[in-house]
Amino acid sequence: MSQGPPTGESSEPEAKVLHTKRLYRAVVEAVHRLDLILCNKTAYQEVFKPENISLRNKLRELCVKLMFLHPVDYGRKAEELLWRKVYYEVIQLIKTNKKHIHSRSTLECAYRTHLVAGIGFYQHLLLYIQSHYQLELQCCIDWTHVTDPLIGCKKPVSASGKEMDWAQMACHRCLVYLGDLSRYQNELAGVDTELLAERFYYQALSVAPQIGMPFNQLGTLAGSKYYNVEAMYCYLRCIQSEVSFEGAYGNLKRLYDKAAKMYHQLKKCETRKLSPGKKRCKDIKRLLVNFMYLQSLLQPKSSSVDSELTSLCQSVLEDFNLCLFYLPSSPNLSLASEDEEEYESGYAFLPDLLIFQMVIICLMCVHSLERAGSKQYSAAIAFTLALFSHLVNHVNIRLQAELEEGENPVPAFQSDGTASEEGSESEGSESSGRSCRNERSIQEKLQVLMAEGLLPAVKVFLDWLRTNPDLIIVCAQSSQSLWNRLSVLLNLLPAAGELQESGLALCPEVQDLLEGCELPDLPSSLLLPEDMALRNLPPLRAAHRRFNFDTDRPLLSTLEESVVRICCIRSFGHFIARLQGSILQFNPEVGIFVSIAQSEQESLLQQAQAQFRMAQEEARRNRLMRDMAQLRLQLEVSQLEGSLQQPKAQSAMSPYLVPDTQALCHHLPVIRQLATSGRFIVIIPRTVIDGLDLLKKEHPGARDGIRYLEAEFKKGNRYIRCQKEVGKSFERHKLKRQDADAWTLYKILDSCKQLTLAQGAGEEDPSGMVTIITGLPLDNPSVLSGPMQAALQAAAHASVDIKNVLDFYKQWKEIG
C-alpha cells in the first residue's frame with residue numbers, strides 16, 4: 001500500500017490534498033486494526049461483536065469519502081479495500097469455519113445480516129454513483145429508475161473523462177459484488193437467490209462487456225449443473241473476453257480433470273439392463289461427460305492420440321443425435337419456467353439453452369485452435385460441422401412434426417396482432433376460402449417457428465459460417481449431409497414475399513429488413529437476444545461488425561424476433577448459393593433451395609425436382625426416427641403393465657384409462673385415486689390437454705386439472721402419461737363446429753388406437769385393454785346426438801370401452 005497521494009497533486013488546492021492525506025491515513029489505520037482481529041484463531045467469534053461491526057462501518061464510510069474526493073487516484077483502491085476488508089474477508093472467515101457455525105445460531109444470523117446489509121449498501125452505492133455522475137445506464141441496468149431520497153436533485157456534471165471512466169467501471173464492480181453477495185446467500189439453507197445473482201452478473205457484463213470476470217463468477221454459480229458443461233461454457237467465455245480473469249484458467253483445468261475422471265469411470269461401468277427412463281438419463285450423462293472430455297482434448301497444448309480423438313468424436317456425435325430425440329414429457333403444459341427436468345437423479349432431456357451453449361463451446365474451441373495453429377484444428381472443424389448438421393436435422397424434425405399436425409390450426413393473427421376465431425372462417429366462394437387457408441398457414445408456420453428454441457443456435461452458427469466462406473468451400477464435399485439438411489430448413493421457412501403479404505403488424509425496422517432478406521447480403525440487421533448474449537465473442541467478432549451494440553435497439557416482440565431470425569437464415573441461404581463450388585442453389589422457378597449432390601449435366605429444374613424428392617425422403621426418415629423415439633415411451637409403458645397390481649377379481653378391468661376433458665374438470669379427485677392406485681396406467685392425450693387449456697379461463701376445475709397434470713408430469717409419476725397424437729385419421733373440421741364433444745371423442749379414439757393396435761399385433765384380443773372414462777352421462781345413449789352415437793359405435797369397433805367416470809369408479813370399488 002503506497003503512502004500518501006501521488007506527486008501530481010501539487011496543482012490541486014492545498015486543503016483538498018490535506019483532506020485526502022488525512023482520509024487515507026484513517027483508512028490505513030482502520031485496515032490495520034481489522035487485520036489484527038482477523039489474525040486471531042477465534043476471529044469468527046469476534047467479527048460480529050458490536051465494536052468490530054462499528055469499525056467496519058467506519059472504514060466503509062471513509063472509503064466512500066475517499067473514492068468520491070479523489071476518484072482517479074484513490075477510487076479503485078478505496079473500492080478494493082472496502083470490498084475486501086468490510087465484506088469479503090468476513091465472508092471467507094465464516095465459510096472457512098463452517099463446522100463451528102450451527103444452523104439458526106446467533107453467529108449464523110449475524111452472517112445472514114452481514115450479507116443482506118452488503119446487498120443494501122452496494123445497491124445504494126450503485127444508485128449514488130449513477131446519479132452523481134449522471135451515467136446513462138438504462139440499456140444496461142433494469143432498475144436505474146429507482147430514486148434514492150438521500151441523493152437530492154441532479155446537478156451539472158463537472159467531472160473529467162478519467163473520473164467518468166472510473167464511475168462507469170465502479171458501477172460494473174458494484175454489480176459484480178452484488179452478484180457475489182447474492183451467490184453467498186444462495187449457499188445458505190432456506191435462501192434461493194441464484195437467479196438474482198445471475199441477473200447481477202449479466203448486468204455487470206452489460207455495463208462493461210469487455211471484462212470477463214462476471215463469466216467466471218457465473219461458472220462458479222453454475223456448479224456441477226449438467227455435469228459441468230454450463231460452468232465450462234462460462235469459464236471459456238471469461239478466458240476469451242478482452243480482459244480475462246486469471247482464476248478462470250485454473251477453474252477450467254479443474255473441470256477438465258473431473259471430466260477425465262468421470263469419463264474413465266463411465267467406460268468401466270458394467271452395461272446392465274436399465275429401464276427406458278434410467279437409460280435416457282444415462283445416455284444424457286454419457287453425452288455430456290464425453291463432450292466435456294472431448295473439449296479437454298481439443299486444446300492447443302493437448303497431447304491426445306488421433307485414434308482416441310476420432311473414436312470420441314464419433315461417440316459424442318451419436319449420443320448428441322440420440323439425446324436430441326428426448327423431449328420434455330409434457331410438451332403441451334405450461335412448464336416454460338423449468339429449464340431442466342430431473343428424473344431419477346439425472347436429466348431427462350437437453351434444454352435448448354444447454355444445446356446453444358454446446359454449439360458456442362465448439363465455436364470457441366475452433367477459434368482457439370486456429371489461433372494457436374494446432375494440429376487438432378481440422379478435427380475440431382469436422383466435429384463442429386457434423387454436430388451442427390445433427391442440430392439442423394433435429395430442427396427440421398421438430399418443425400415438420402409440428403407443421404404436420406394440422407388438425408388443430410393455430411388461430412391466425414389479425415392486423416392488430418390479436419387472435420389449436422376459427423368460427424370466423426369464410427365459407428363463401430372457393431377463392432376466398434383458399435386465400436384465407438393460405439394466409440392462416442403462413443401464420444401457423446410463424447407460431448411454430450416462434451416456439452422452436454433451437455433456431456437461435458442455428459442463426460448464430462450461420463452468422464459464423466458467413467464470415468468463413470473459405471471453410472464452407474473447403475468442406476463442401478465432406479459436409480454434404482449438412483447442406484442437404486440446411487436446404488430442407490430453408491424451404492420450411494416462409495419467404496419474404498409470404499411474410500410481407502401476410503398482413504402482420506411489424507415495426508418499421510423489421511419491415512425494412514424484409515425488403516432485403518432474399519439478398520445474399522442483408523443491407524441492415526437488428527440485434528437479437530442471442531447476439532446480445534454473445535457480444536465480444538472472438539469467433540463472432542467479424543459477424544458482429546454490422547451491429548452497433550451501444551445504441552438503443554428497438555424493443556422487438558417475440559413474433560418480430562422470429563421474423564428477423566428467418567430473414568437472417570434465408571439471407572444466408574442466398575449467400576451460400578452465390579459461393580463458388582455449387583453448394584446450394586436457389587431455383588426461382590419453383591422458389592426452393594436445392595443442394596447440389598452430383599450431376600452438373602442435369603438442368604436446374606431437374607435438380608430441383610431431385611432435391612424435392614430428397615427433402616421428402618429426409619422428412620420420411622425423420623418421421624421414422626421420431627416414431628422410434630416414441631416407441632421408447634411405449635416400451636416403458638408396456639413394462640409398467642407388468643408392475644401393475646392385478647388381483648384376480650380386478651383382472652377384468654382395463655389396464656389403460658383415458659379420461660376426457662369433462663372427467664378431469666368435474667371429477668378430478670376420482671382421477672387422482674385411479675392414478676395413485678397402482679392398478680391402472682392413466683393416459684392423457686394431447687387433445688384433452690388442449691381442451692383443458694381452452695376452458696381454464698372460465699372453469700376452475702380445468703385450472704385444477706392443469707395444475708395436477710403439471711405436478712404429476714414434473715415429478716415423473718410412472719402411472720400417468722402424456723401422449724401426443726401419432727395419427728391424422730380424423731380431420732372433420734365441420735364436425736368440430738357442429739358437435740365438439742363427438743369431435744373430441746374421435747380425437748381421443750385416435751390416441752387410443754396405438755394401444756389397441758400394439759396389443760393386437762401380439763395376436764391377443766385387444767378388447768378390454770383401454771377404457772375411455774368420460775364426464776358425460778351415458779345412461780341413455782338414445783338421447784345423445786347422432787355424431788355422438790356414431791362416435792360410440794366407432795369406439796366399439798375399435799375394441800375401446802367408454803364408461804362414465806363415476807360408474808367406472810363405483811364398479812372398481814365394488815370389485816376391490
Lys/Arg-Asp/Glu bridge criterion (N-O < 4.0 Å) met for D283, R286: yes

Where R679 and P655 come nearest, the two heavy atoms and their spacing: NH1-CA, 4.0 Å

Basic-acidic side-chain contact under 4.0 Å: E194, K225: yes

Heavy-atom side-chain proximity of L399 to L489 below 4.5 angstrom: yes

Shortest non-hydrogen contact from L324 toward H390: CD1-O, 4.4 Å

Which atom of F349 lies closest to which atom of P351, heavy atoms considered: O-CD, 3.5 Å

Between OG1 on residue T193 and CD1 on residue I119, distance to nearest 0.5 Å: 6.5 Å

Rounded distance [0.5 Å steps], CD1 in I355 versus CG in L387: 9.5 Å

N-O pairing of R707 and D704 below 4.0 Å: yes

Ring center gap for F325 and H394 short of 6.0 angstrom: yes

Distance-only polar pair, side chains of T771 and S654, donor-acceptor under 3.5 Å: yes

Spacing of CG belonging to L181 relative to CG belonging to L115, to within rounding of 0.5 Å: 6.0 Å

Steps toward side chain to side chain contact (heavy atoms under 4.5 Å, CB included) verdict (E530, R565): CA-CA 10 Å; E530 56 263 39; R565 210 167 276 127; 2.8 Å; yes

Polar contact flag, side-chain donor to acceptor under 3.5 angstrom, R183-Y201: yes

Side chain to side chain contact (heavy atoms under 4.5 Å, CB included) between L288 and M358, worked out: CA-CA 9 Å; L288 298 179; M358 291 172 77; 4.1 Å; yes

Proximity of Y226 and F291 rings by center, below 6.0 Å: no

Heavy-atom pair of closest approach, residues I671 and A663: CG1-O, 4.1 Å

Close side-chain approach of K445 and V448, heavy atoms under 4.5 Å: no

Centroid separation Y326 to Y347 less than 6.0 Å: no

Derivation of the salt bridge (charged side-chain N to carboxylate O under 4.0 Å, His left out) call for D750 and K747: CA-CA 5 Å; D750 282 344; K747 294 287 291 175; 5.2 Å; no

E560 (side chain) donor-acceptor with S557 (main chain) under 3.5 angstrom: yes

E402/R398 salt bridge by N-O under 4.0 Å criterion: no

Worked verdict on V191 versus N186 for side chain to side chain contact (heavy atoms under 4.5 Å, CB included): CA-CA 5 Å; V191 183; N186 195 61; 5.9 Å; no

Backbone of L354 reached by a side-chain donor or acceptor of E230 within 3.5 Å: no

Matching residue for I720 among L657, V682, T676 - test: side chain to side chain contact (heavy atoms under 4.5 Å, CB included): V682

Exercise: identify the closest heavy-atom pair between P659 and V688: O-CG2, 3.5 Å

N/O donor-acceptor pair under 3.5 Å between T687 side chain and T744 backbone: no

Least distance between heavy atoms, Q662 atom then L776 atom: CG-CD2, 4.1 Å

Test log, rule side chain to side chain contact (heavy atoms under 4.5 Å, CB included), inputs N396 and L492: CA-CA 8 Å; N396 293 341; L492 284 171; 3.9 Å; yes

